[in-house]
There are 2 protein chains.
Amino acid sequence: MDTELLKGTLTLLILSLLSRKPMYGYEIASTVHSDTSGAFTWREGSLYPSLHKLEANGLITGEWEETDGGRKRKVYHITPRGREALDEKQRSWTELQAAVNCVLEKSHGQA
Amino acid sequence: MDTELLKGTLTLLILSLLSRKPMYGYEIASTVHSDTSGAFTWREGSLYPSLHKLEANGLITGEWEETDGGRKRKVYHITPRGREALDEKQRSWTELQAAVNCVLEKSHGQA
DNA sequence: CGATGTACATAGAATTTCTATGTATAGGAA
DNA sequence: TTCCTATACATAGAAATTCTATGTACATCG
């Protein structure tokens, strides 16, 4: 997979995943990995800074939680503002697809 | 339009446009602008460096041309290697769309 | 008791794209 | 004629995103 094209989808997908239910970072990474059949494999160095940025922007909130095993996790919830941002990003994504596909189709068969 | 998502599509679209016919930089920018009904407006500071990079990588070749009016333009042609790269990038784009839409759909209706 | 998996984090590098600026000419408007 | 706009290319530096590499720490399984 061309990693160049992946850029910008991270935020969209994090918000989409958190709209299902609250998740912690590691869970987000493994969920997107399995949901995309391994097409997306986010590095921790990309994911955690993105989560911090989304939290700083008020789109998600994180709370420390302790599992039965005594392990600590930071569970993120999407905020109302986060849901608005998700809606907007989804619309942008739809527009982007349409615009790119329009150019590709116009090229098709020519030359 | 969310400019974050646009990243990575520049190379794909330049190659796609040049697969139609040879074009010069300014023409590429105005064509993509009109083809996408203004959804994409590449800055010259993004376009020209990208063209130089594609040329350095052997995916396109540029030749200076002079118009009747005496104006100079650099007309770019796609190379065989450029066509291969275009095919590959188009496949990646299709995969990316599928993967992202799969995640978005799985989130739909939940929570 | 060591390896692996879980779980978070940051520093620095690499890459992409944008902003700002510069040069130069053609053609129409004032 | 002179100025403004559109055409046409270019680069330097900044900003943003993502990756690589590294570090910490604990649980569990073999």
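Lettering of chains follows the sequences in order, A, B, ..., and the numbering in each one begins at 1. Just so you know, these numbers come straight off a predicted model, no measurement behind them.
- Once rounded to the nearest 0.5 Å, the distance linking NZ of B:K72 with OG1 of B:T67 reads 11.0 Å.
- A:L10 places its CG atom 17 Å from the P atom of C:dT16, with the value rounded to the nearest Å.
- Between B:Y24 and the phosphate of D:dC9, there is no side-chain N or O to OP1/OP2 separation shorter than 4.0 Å.
- Atom CH2 in B:W42 sits about 18 Å away from atom C1' in C:dT19, given to the nearest Å.
- The OG1 atom of A:T61 sits 9.5 Å away from atom CD1 of A:I78, with the distance rounded to the nearest 0.5 Å.
- Rounding to the nearest 0.5 Å gives a distance of 11.5 Å between CG of A:L104 and CD of A:Q97.
- B:R43 comes within contact range of at least one nucleobase, with a heavy-atom separation under 4.0 Å.
- For A:H108, there are no side chain to side chain donor-acceptor pair (under 3.5 Å) partners at least two apart in sequence or on another chain.
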Is there a side chain to side chain contact (heavy atoms under 4.5 Å, CB included) between B:V75 and B:K21 once you walk through the steps? CA-CA 10 Å; B:V75 178; B:K21 64 172 186 183; over 6 Å; no
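- Partners of A:H52 under the side chain to side chain contact (heavy atoms under 4.5 Å, CB included) rule, at least two apart in sequence or in another chain, are A:Y48, A:Y76.
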Per-nucleotide protein contact along nucleotides 25-30 of chain D, 5' to 3', at a 4.0 Å heavy-atom cut-off (B base, S sugar-phosphate only, - neither), is -BS---
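- Whole-Å rounding puts the B:L47 CG to C:dT19 P distance at 14 Å.
- The C1' atoms of five pairs define one axis at each end of the helix from C:dC1-D:dG30 to C:dA30-D:dT1, and these two axes lie 10° apart (to 10°).
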Kindly give the atom pairs (protein nitrogen or oxygen, nucleotide nitrogen or oxygen) under 3.5 Å for nucleotides 9-14 of chain C.
| from | atom 1 | to | atom 2 | distance (Å) |
| --- | --- | --- | --- | --- |
| C:dA9 | OP2 | A:H52 | NE2 | 2.9 |
| C:dT10 | OP2 | A:H52 | ND1 | 3.3 |

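- The nearest whole Å value for the distance from the CZ atom in B:R73 to the P atom in C:dT25 is 16 Å.
- Between B:K53 and C:dT16 there is a side-chain N or O to OP1 or OP2 distance below 4.0 Å.
- When rounded to the nearest whole Å, the span between CD of A:E27 and P of C:dG5 equals 19 Å.
- Spacing between atom OH of B:Y26 and atom P of C:dA26 amounts to 16 Å, rounded to whole angstrom units.
- Take B:E44 and apply the salt bridge (charged side-chain N to carboxylate O under 4.0 Å, His left out) test, not counting sequence neighbours, and it matches no residue.
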